[in-house]
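Everything below concerns the one structure shown next.
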Amino acid sequence: MRRLLSLATAGVILLVAGCGPNSANDTAEPSSSSAAGATGFPVSLEHKFGTTTVAAEPKRIVTVGLVEQDALLALGVVPTATTEWFGEKPGAIWPWAEAALGSAPKPQVLTSTDGVQFEKVAALRPDLILAIYSGLTAEDYATLSKIAPTVAQPKDTVDYGVGWQDLTRTVGAAVGRKDQAEKLVTDTEATFAAVRQAHPEFAGKTGMMAMTWEGYYVYGPQDPRARFLTDLGFTLPAGLAEVTGKEFGANLSKERTDMLDTDLLIWLVDAYAKDKAKVQADPLYAKLGVTTEGRDIYLENGELVGGATSFITVLSLPFLLDKLVPQLSAAVDGDPATAVQRAS
């Protein structure tokens with residue numbers, strides 16, 4: 001399952017000669033920047049495995065985390081390489097981020113299916129590795145740190161649980177653009193505030209996101225997607241935190257199918273028509289008001305709105321709010337006859 005990619009421990013690797021963090025970069029294209037000069041170095045960044053110091057403005061950035069490229073691009077920095085999550089987009093750059101990329105060459109792409117590609121990361125000779133939206137293990141981190149300064153996931157957050165605000169600020173500090181990052185956060189939060197003001201009907205309504213993986217999988221309060229809904233004014237259903245525990249999400253037992261009966265339910269699916277039909281054919285789900293009254297929305301992962309819903313970044317959020325909010329409003333208007341158009 002794409003969302004449950006595990007950045008598994010790959011064990012000890014043999015680094016080719018000259019691929020250490022202090023060697024010259026003979027093969028990889030440097031990260032490019034269209035922003036003003038970076039400031040604030042050296043900077044020390046705390047994370048799950050300790051503190052990493054970035055001594056000077058990084059020029060060759062590799063993202064091992066799955067969404068950091070958006071924050072970098074928003075700050076005017078193009079990474080040398082990104083890690084593909086899903087979507088198979090050139091450079092792992094989705095359309096909402098292409099304007100920020102501009103005419104710069106697209107980054108090289110690493111894969112995450114079988115864990116971190118340590119040897120390929122080393123061959124790129126990075127001077128900074130970002131793994132903020134990730135599930136790095138201590139062994140992964142130790143290996144990457146031998147290649148270049150590495151910023152791992154936050155210490156007080158579940159793996160793959162960092163919020164877009166913290167991710168943006170951390171990336172901004174790492175590349176010497178702290179003030180620019182803060183403005184991105186402030187501007188995006190202002191957009192959320194404007195949406196909440198325009199849609200008071202969201203306030204107090206229950207909402208949740210789920211997917212079809214080994215049954216029904218629900219995203220908990222520590223997941224960015226769930227926080228997207230609460231940022232709009234929705235509340236999460238009672239008992240959800242107990243179900244998901246210390247993870248970003250968890251499978252829901254058949255006995256708890258009733259938890260899906262929220263005022264709004266967003267399904268993230270791989271195949272729109274097939275998966276929607278499968279969910280609605282479940283007799284337990286079919287009798288819930290969320291489906292009989294048309295309060296459920298289905299988003300396909302490979303399409304832009306579905307992809308933006310999983311990314312939750314300063315570049316995907318404006319696009320997502322523009323495209324998805326009308327569907328949310330239709331779903332919770334209290335009139336079962338209101339057709340909720342497919343978001344595209």
Side-chain angles (χ1 to χ4, degrees), residues 31-41 43-48 51-52 54 57-58 61-79 82-83 85 92-102 107 128-136 149-195 222-232 248 307-322:
S31 303
S32 61
S33 172
S34 60
T39 61
F41 297 102
V43 60
S44 295
L45 301 167
E46 294 185 357
H47 51 77
K48 184 175 183 178
T51 301
T52 294
V54 183
E57 181 181 4
I61 303 170
V62 171
T63 65
V64 170
L66 304 181
V67 302
E68 284 88 327
Q69 62 266 38
D70 278 15
L72 286 169
L73 292 173
L75 292 166
V77 178
V78 180
T82 56
T83 295
W85 180 7
I93 306 299
W94 283 69
W96 58 74
E98 288 179 349
L101 176 68
L128 177 65
I129 299 170
L130 296 177
I132 305 166
Y133 185 77
S134 80
L136 284 190
T150 300
V151 182
Q153 63 267 41
K155 60 181 179 180
D156 296 324
T157 304
V158 301
D159 291 351
Y160 301 105
V162 62
W164 62 268
Q165 298 97 324
D166 287 343
L167 183 141
T168 303
R169 290 179 174 124
T170 302
V171 171
V175 300
R177 289 162 174 79
K178 184 176 180 180
D179 290 345
Q180 290 172 253
E182 191 61 40
K183 186 176 188 307
L184 287 170
V185 170
T186 300
D187 289 349
T188 306
E189 288 180 335
T191 302
F192 271 102
V195 172
Q222 298 190 73
D223 185 83
R225 278 155 290 212
R227 293 198 294 270
F228 169 76
L229 292 177
T230 58
D231 283 346
L232 287 173
F248 61 78
T309 305
S310 285
F311 261 65
I312 307 293
T313 65
V314 288
L315 290 184
S316 77
L317 282 169
F319 169 84
L320 181 60
L321 290 168
D322 180 61

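Considering all non-hydrogen atoms of both residues, Asp70 and Ser316 come closest at OD2-N, 4.1 Å. Of all the heavy atoms in Val43 and Ala173, the pair that sits closest is CG1-O, 3.5 Å. Scanning both residues, Arg227 and Gly161, for their nearest heavy atoms gives NH2-O, 2.5 Å. Nearest heavy-atom pair, Pro58 versus Phe41, reported as atom, atom and distance to 0.1 Å: CD-CZ, 3.9 Å. Residues Ala74 and Leu184 share a closest heavy-atom pair of CB-CD1, 3.7 Å. Closest non-hydrogen pair, Leu320 versus Ala308, comes out as CD2-O, 3.9 Å.
Between the Thr52 side chain and the Leu45 main chain, no donor and acceptor come within less than 3.5 Å of each other. Using modelled atom types, one side-chain atom of Glu68 and one backbone atom of Ile132 make a donor-acceptor pair closer than 3.5 Å.
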task: Kindly determine whether His47 and Gln153 satisfy side chain to side chain contact (heavy atoms under 4.5 Å, CB included), including the steps that lead there.
output: CA-CA 6 Å; His47 51 77; Gln153 63 267 41; over 6 Å; no
- prompt: So Trp164 and Glu189, side chain to side chain contact (heavy atoms under 4.5 Å, CB included) or not? Walk me through it.
  reply: CA-CA 10 Å; Trp164 62 268; Glu189 288 180 335; 3.6 Å; yes
task: Decide side chain to side chain contact (heavy atoms under 4.5 Å, CB included) for Arg177 and Val77; before the verdict, give the C-alpha distance in whole Å, the side-chain angles of both, and the deciding distance to 0.1 Å.
output: CA-CA 10 Å; Arg177 289 162 174 79; Val77 178; 3.9 Å; yes
field: Stepwise side chain to side chain contact (heavy atoms under 4.5 Å, CB included) test for Ile61 and Leu130
entry: CA-CA 7 Å; Ile61 303 170; Leu130 296 177; 4.0 Å; yes
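Residues Trp85 and Ser310 form a side-chain contact, since some pair of their non-hydrogen atoms from C-beta on lies under 4.5 Å apart. Contact of the Tyr133 side chain with the Thr157 side chain is not registered, since no non-hydrogen atoms from C-beta on lie closer than 4.5 Å. The closest side-chain heavy-atom distance from Ile129 to Val151 is not below 4.5 Å. Considering only heavy atoms from C-beta on, Val175 comes within 4.5 Å of Leu72 through its side chain. Side-chain contact check for Leu321 versus Leu232: some heavy-atom pair is nearer than 4.5 Å. Using a 4.5 Å heavy-atom threshold, the side chains of Pro318 and Thr191 count as separate. With contacts defined as side-chain heavy-atom distances shorter than 4.5 Å, the pair Leu66/Tyr160 qualifies. No side-chain heavy atom of Leu167 sits under 4.5 Å from any side-chain heavy atom of Thr313.
Shown here is Lys178, whose NZ atom has no more than 12 heavy atoms of other residues, nucleotides or ligands within 6.0 Å.
Two rings, from Trp96 and Phe311, have their centers less than 6.0 Å apart.
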